[in-house]
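Below is one structure, written out as structure tokens; the observations come after it.
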Amino acid sequence: MSRDPIDIAAPLKRFNPLFAEVASRLETDPLAWQALWQEPVLSAISYVGIPAPFNPYPFADAGLGVAHCDYPLHLAIVERLARGAASALMALPGSSLSTSVILKLASRDQQERFFAPFANGPAFSFFAITEAGRGSDATQVQTRIDPTPSGYVLNGEKTLIGGASIATTGLVLARHALSGQLVFVLLDHRQIVPSFRVECLNVTGLKGAGLSRLTFENHLVPPDAVLAPDARLPALLALTSVFERHRPMVAAMALGTARGMLDQLARHYQSDRLDGLRLTHRTLLRRMVGLASLTDRRGFDANASSTLKFSAVQLLDRVRAATADIAGPVLFADQSLRRLWRDAGAFEYMEGTSHIHALNIYRAYAAERARHVDVS
């Protein structure tokens, strides 16, 4: 019988104080993540998904007693570490959301170009989808790539892009000027040039995410920079897969943040209201791991993922309200609790708002009702 992912992740609670400390330091020191990188288990967790030939931090060396980090365990780990601080978790090196797209669409040479920096120590990448006024709606992408005799030029703007200021490589979603198809463009950001500008955004929450605005003005990219340029709809399908996998990750961070706030509150107060919120947290945590196990066997269920994310954010909102009601002045005196309360407001907007997920849930419900009517 396989071990419970929640039990495997439980020993990571020893890192929660360190995550809280690093998150506080990240407010003024963007290199504070290095304190986490000194822990072998955390570097191995950061590099989950990096192919073995480029991964000097294999998960088998993490010391958790398992050789492989599957999807249920990955979610359980994210939830457990987010109890300390999701901001610090998001500051760790890694391949961002790009790995699955690279493995699905990139040529062998493109894969090596993307992953090579990870083989030489801590490395970062970015995944540039979101645009101002259009969010992450791929059908509204305005960033454009135009072919030239010697390659391509890239024009457009992306915003709310994590880690771009320190990344060595990344992916940009753009529209091909001739075909109109969406394509992913592989960029190397090790050389700073005027045609590719990165502006760090002045945010007050989740500093560890390193959110930036990217601007491209006739930025030259080589002819082999576009992934699967001649295939039809591969970028959109790959992006859908990324969002489906990332949505439960956001839910895991939201659940971990909620539990972290409850644990901080419990240091000062005991309340039946907190007991009820902890019970809801345990229920959603178990549901999350169960959904991940089903995903590994049957593939993604968009409705179930939307329901999970919707429920996790609802719980987080309830915990925030309870914190304000119960803690009062303590909320402002306890730095760790105050930071968790502030950061918790970001999860509503990560990977779709609750309105979007409520619509997804309703569509699935309506489709199921229609199926039953057709059968009868």
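Numbers here simply count residues along the sequence, with the first being 1.
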For Phe216, enumerate each residue passing the ring pair (Phe, Tyr, Trp, His ring centres under 6.0 Å) test, keeping only those at least two apart in sequence or located in another chain.
Phe196

Under the ring pair (Phe, Tyr, Trp, His ring centres under 6.0 Å) rule, collect the residues that match up with Phe54, sequence neighbours excluded.
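Phe54: ring pair (Phe, Tyr, Trp, His ring centres under 6.0 Å) contacts with Phe115.
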
Determine whether more than 12 heavy atoms belonging to other residues, nucleotides or ligands lie under 6.0 Å from atom CD of Gln335.
no

Tell me the closest heavy-atom pair linking [X] and [Y], and the distance in Å.
X	Y	result
Ala32	Val22	O-CG1, 3.6 Å
Met288	Ala76	CE-N, 4.2 Å
Ala235	Leu182	CB-O, 3.2 Å
Ser100	Val242	OG-CG2, 3.3 Å
Ser311	Arg287	OG-NH1, 3.5 Å

Taking the side chain as C-beta and beyond, is there a heavy-atom pair between [X] and [Y] under 4.5 Å?
X	Y	result
Phe118	Thr168	no
Val226	Phe184	no
Leu279	Arg282	yes
Leu154	Leu187	yes
Ser336	Gln264	yes
Leu18	Leu36	yes

Got a donor-acceptor contact below 3.5 angstrom from the [X] side chain to the [Y] backbone?
X	Y	result
Ser306	Asn303	no
Ser96	Ser98	no
Ser107	Gln110	yes

Who clusters with Leu160? Use side-chain heavy atoms, under 4.5 angstrom, across I, L, V, M, F, W and Y, and order the result by chain and number.
Leu201, Val203, Leu211

Side-chain hydrophobic cluster, 4.5 Å single linkage: members besides Leu294
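Leu294 clusters with nothing; isolated.
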
Could you check whether Phe124 and Trp37 have their ring centres less than 6.0 Å apart?
no

Salt bridge Arg320-Asp317, side-chain N to carboxylate O under 4.0 Å:
no

Should the pair Asp275-Arg273 be classified as a salt bridge under the 4.0 Å nitrogen-to-oxygen rule?
no

With [X] via salt bridge (Lys or Arg N to Asp or Glu O under 4.0 Å) - residues at least two apart:
X	value
Asp224	Arg113
Arg286	Asp4
Lys207	none
Arg297	none

Write out all pairs satisfying salt bridge (charged side-chain N to carboxylate O under 4.0 Å, His left out) with one or both partners inside [range], taking only residues at least two apart or from two chains.
range	answer
residues 90-112	none
residues 150-179	Glu131-Lys158, Glu157-Arg213
residues 10-24	Glu21-Arg25

Could you please spell out the steps behind the side chain to side chain donor-acceptor pair (under 3.5 Å) verdict for Asn155 and Asp146?
CA-CA 8 Å; Asn155 286 278; Asp146 292 80; 4.6 Å; no

Is there any side chain to side chain donor-acceptor pair (under 3.5 Å) pair reaching into residues 53-81, and which pairs are they, with sequence neighbours excluded?
Glu79-Arg83, Glu79-His281

